[in-house]
Amino acid sequence: MTDDAKTSPETIFEQFRSIVENTIPEQYKPLLAHFNEQGLFYQQFIQSLNSKETDLSSFWALPNSWAEKGPTTEQTKDWFKCFYTLNAASANNEAPAMDTLWSLFNPSTQQAHDSLKDLHGAFVDINQLHTELGQLALLRFEQLQQQIDAEPTEEHVCKHWLQAGEETFKKVSQTEPYIDAQRRLFEALNQLKTQQQVFGTQLSQQLGLPSQQAIDDLKTALHQLRIEFSNYKEHTEATIHRLDQRLKKRH
Amino acid sequence: MPAFKPTKKNQWQDDFALLLERFKTFDEQPSISVGDTPKTLIHQENKLRLFRFSARQVKQKKTPVLIVYALVNRPYITDLDDDRSLVLRLLEKGHPVYLIDWGYPDSSDSLTDLNDYINGQLYRCVQHVKRLNQIKKIDLLGICQGGVFSLCYSALHRGDIRKLVTLVTPVDFHTKDNPLSLWTRHIEPTALINTAGNISGDTISLLFETLKPYQLNRDNYRQIEHLNKNNRALEHFLRMEKWLNDNPDLAGQAAVEFMQNFYQQNKLHKGQLSLAGQAVSLANILCPVLNLYAKLDHIVPPSSSQALKQHIKPELYQEHALEGGHIGAFTSLKTQKKLINLLHNWLS
């Protein structure tokens with residue numbers, strides 16, 4: 001095999017798959033996948049630049065960002081599961097029990113709908129800002145490329161990509177519209193969470209499960225008990241230590 | 001735009017192929033370890049564990065140092081590996097070292113508040129260290145949020161602390177160059193609370209990554225050539241990855257209070273903070289304070305740390321800038337010598 005064949009994208013991809021699937025310990029697989037993903041990203045960027053594509057702004061789409069994912073996927077999943085999955089199930093099921101459940105959700109459905117609308121609006125605004133971010137970053141990248149005297153190398157390109165992205169993000173993310181869109185996003189998520197809690201309470205009542213209030217009371221009692229126990233233990237140990245010191249002094 | 005000069009070979013692909021070869025051997029080796037300096041568990045309550053590190057064969061200092069790390073991320077970053085261990089360097093200089101591990105809060109800890117952490121858990125740890133060393137005052141070394149806790153503690157329990165070190169510690173949360181503060185100032189903190197009543201570690205991690213999205217998510221994984229050339233570099237990289245992805249959830253009540261009181265209302269700096277009804281005034285700190293900040297810190301900007309100077313009597317206050325960023329300030333091989341000399345000279 002020639003050197004070129006050994007390192008062609010196909011070979012690398014095959015090597016990657018084979019090694020990751022067969023020989024790499026589980027804990028390192030996500031890391032290698034991440035390396036691979038980033039490597040491909042830079043290769044695509046360089047290829048696009050080489051082939052003189054005009055709009056490269058999508059290469060500054062935010063990777064794995066706070067605003068992109070919201071508070072956490074886990075959290076969002078919880079809420080969406082509640083509002084979408086259950087509501088969809090109830091809409092397709094005519095069994096009386098489900099009808100009863102549906103009637104229970106109804107009071108909060110309009111609110112949920114409004115919150116989802118707010119959430120969607122905030123996402124749209126943030127996405128719009130991210131699109132602008134990409135365009136501004138591209139302009140900055142072009143400036144940086146033009147500023148160097150020599151012909152830019154791959155390393156220059158990657159460094160300029162980074163500098164353009166970070167500088168532009170720093171500017172855009174601190175503007176009023178960005179902060180406001182982010183605030184609205186979290187506000188809408190918070191409203192959904194409140195409605196989820198109301199729904200949870202209703203469901204607990206319906207199914208005879210302990211209410212959230214009962215669970216919170218237990219948590220409060222456990223918390224208080226832990227504090228009292230820790231204080232008591234500390235007090236006892238301090239007393240024993242003091243007595244021990246006194247005894248040592250006497251002898 | 002000037003023409004782009006393509007290289008004949010794709011260097012990254014070559015490097016990645018080599019890296020894959022290196023990883024092939026990893027299934028025969030034990031997984032990468034962290035926090036290996038020998039230590040003994042001396043106190044435990046709920047999730048918290050207090051450790052004493054084993055002394056080296058050198059003349060021992062009288063006053064122990066208690067390291068207080070943040071609730072965010074894990075404290076083994078202070079003992080990542082032998083080369084980059086702040087703990088080990090202190091032990092080599094003869095300082096008895098203790099470390100608080102706050103643990104991984106679960107839903108039963110969601111009501112733990114800042115008072116529980118500072119006047120409860122931290123207080124009891126300090127008393128343990130004092131008793132074990134038969135000493136009335138100890139030294140505190142607080143890092144980041146742990147530095148904030150240490151400041152509050154030193155203001156409230158003046159008789160317990162001989163000297164205080166704050167490392168990359170925010171004091172003024174409203175300085176102009178603080179994007180973290182700018183974003184969180186407008187967010188209702190309870191929106192971040194998950195169904196367990198806590199703030200997920202993943203959420204916090206995502207927030208920090210978003211401060212430098214392109215560098216932390218992409219560029220750090222582009223440069224792999226040095227990982228192939230040097231075993232220690234690869235091991236260090238893997239240890240850092242392990243640490244970066246090891247994010248405990250934050251106890252909901254304490255996290256909300258921290259966001260509201262510090263990030264949003266800047267109460268510590270304004271002198272308006274109180275814990276369980278007790279005013280926390282930094283002016284009450286009467287022990288010598290060494291404040292160390294990082295020049296390139298994007299999480300705690302230097303100006304945020306340096307604000308401490310306004311609160312401590314000049315004769316008690318010293319500050320020094322360290323090269324590097326928030327974590328590099330105490331893990332980087334370049335800064336370590338300066339850091340340890342500063343710490344050793346000052347604590348001695």
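Letters A, B, ... are given to chains in the order of the sequence lines, protein chains preceding strands, and every chain is numbered from 1. For the numbers below, each heavy atom of this structure counts, side chains included, while hydrogens, waters and symmetry mates do not.
- Counting all heavy atoms, side chain and backbone alike, A/His223 lies closest to B/Thr112 at CE1-CA, 3.4 Å.
- Options A/Lys159, A/Gln38, A/Glu166 differ in how many heavy-atom pairs under 4.5 Å they form with chain B, and the most are formed by A/Glu166.
- Neither the backbone nor the side chain of A/Ala137 comes within contact range of chain B, judged by heavy atoms closer than 4.5 Å.
- Atom CG of B/Leu20 and atom CG of A/Asn36 lie 7.5 Å apart (nearest 0.5 Å).
- Using the six-membered ring where Trp is involved, B/Tyr214 and A/Trp161 have ring planes that are perpendicular, over 60° apart on the 30 and 60° scheme.
- Within 6.0 Å of atom CZ in A/Phe229, 12 or fewer heavy atoms from other residues, nucleotides or ligands are found, so the atom counts as exposed in its surroundings.
- Salt bridge status for B/Arg222 with A/Glu154: absent, with no side-chain N to carboxylate O gap under 4.0 Å.
- A 6.0 Å sphere centred on NZ of B/Lys229 holds no more than 12 heavy atoms belonging to other residues, nucleotides or ligands.
- Both the backbone and the side chain of A/Thr220 come within less than 4.5 Å of a heavy atom in chain B.
- Here B/Arg131 is the residue among B/Glu45, B/Lys212, B/Arg131, B/Arg185 with the most heavy-atom pairs under 4.5 Å with chain A.
- For chain B, the option among A/Gln245, A/Glu234, A/Gln224 with the highest count of heavy-atom pairs below 4.5 Å is A/Glu234.
- In this structure the side chain of A/Leu31 never reaches within 4.5 angstrom of the side chain of B/Asn245, judged on heavy atoms.
- Geometric assessment of B/Arg218 against the ring of A/Phe41 yields a positive cation-pi assignment under the 6.0 Å and 45° thresholds.
- Atoms CD and CD, from B/Gln223 and A/Glu155 in turn, are 6.0 Å apart once rounded to the nearest 0.5 Å.
- In this structure, the side chains of B/Ile32 and A/Tyr28 come closer than 4.5 Å at one or more pairs of heavy atoms.
- The OG1 atom of B/Thr210 lies 7.5 Å from the CG atom of A/Leu62; values are rounded to the nearest 0.5 Å.
- Most heavy-atom pairs under 4.5 Å with chain A: of the set B/Gln134, B/Glu188, B/Glu241, this distinction falls to B/Gln134.
- Contacts of B/Ala251 with chain A are absent, with no heavy-atom separation under 4.5 Å from either backbone or side chain.
- No side-chain heavy atom of A/Glu237 sits under 4.5 Å from any side-chain heavy atom of B/Arg124.
- In this structure a side-chain-to-backbone donor-acceptor pair under 3.5 Å is present from A/His34 to B/Asn217.
- With a threshold of 4.5 angstrom between heavy atoms, B/Gln44 approaches chain A through N, CA, C or O but not through any side-chain atom.
- Checked against a 6.0 Å centroid threshold, the rings of B/Phe237 and A/Phe35 count as neighbours.
- B/Leu19 contributes atom CG, which lies 6.0 Å from atom CG of A/Leu32 (distance to the nearest 0.5 angstrom).
- If you measure heavy-atom distances from A/Asn231 to chain B, the contacts under 4.5 Å come from both the backbone and the side chain.
- Within 6.0 Å of NE2 on B/His226 lie more than 12 heavy atoms contributed by other residues, nucleotides or ligands.
- No part of A/Lys170 comes within reach of chain B, as not one of its non-hydrogen atoms sits under 4.5 angstrom from that chain.
- Contacts between B/Ile224 and chain A at a heavy-atom distance below 4.5 Å involve the side chain alone, from C-beta outward.
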*Tell me, with the steps shown, if A/Phe186 and B/Thr190 meet side-chain contact (heavy atoms from CB on, under 4.5 Å).*
CA-CA 10 Å; A/Phe186 281 96; B/Thr190 52; over 6 Å; no

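- Per-residue counts of heavy-atom pairs under 4.5 Å with chain B were compared for A/Gly200, A/Pro30, A/Ala238; the largest is that of A/Ala238.
- If you check the side chains of B/Ser108 and A/Lys219, you find no donor sitting under 3.5 Å from an acceptor.
- For B/Trp183 (side chain) and A/Arg183 (main-chain N/O), no donor-acceptor pair under 3.5 Å exists by modelled atom type.
- For the pair A/Leu162/B/Gln215, a side-chain contact is recorded, criterion being any heavy-atom separation below 4.5 Å from C-beta on.
- By the 4.5 Å heavy-atom criterion applied to side chains, A/Tyr42 and B/Asp219 are counted as neighbours.
- Interface residue B/Leu227: only side-chain heavy atoms are found under 4.5 Å from chain A.
- Once rounded to the nearest 0.5 Å, the distance linking OG of A/Ser230 with CD of B/Gln121 reads 7.5 Å.
- The shortest non-hydrogen separation linking B/Ile193 to A/Lys193 is O-NZ, 3.0 Å.
- Separation of atoms CG (B/Asp113) and CD1 (A/Ile227) is listed at 7.0 Å; rounding is to 0.5 Å.
- In this structure, B/Asp109 pairs ionically with A/Arg226, as a charged nitrogen and a carboxylate oxygen lie closer than 4.0 Å.
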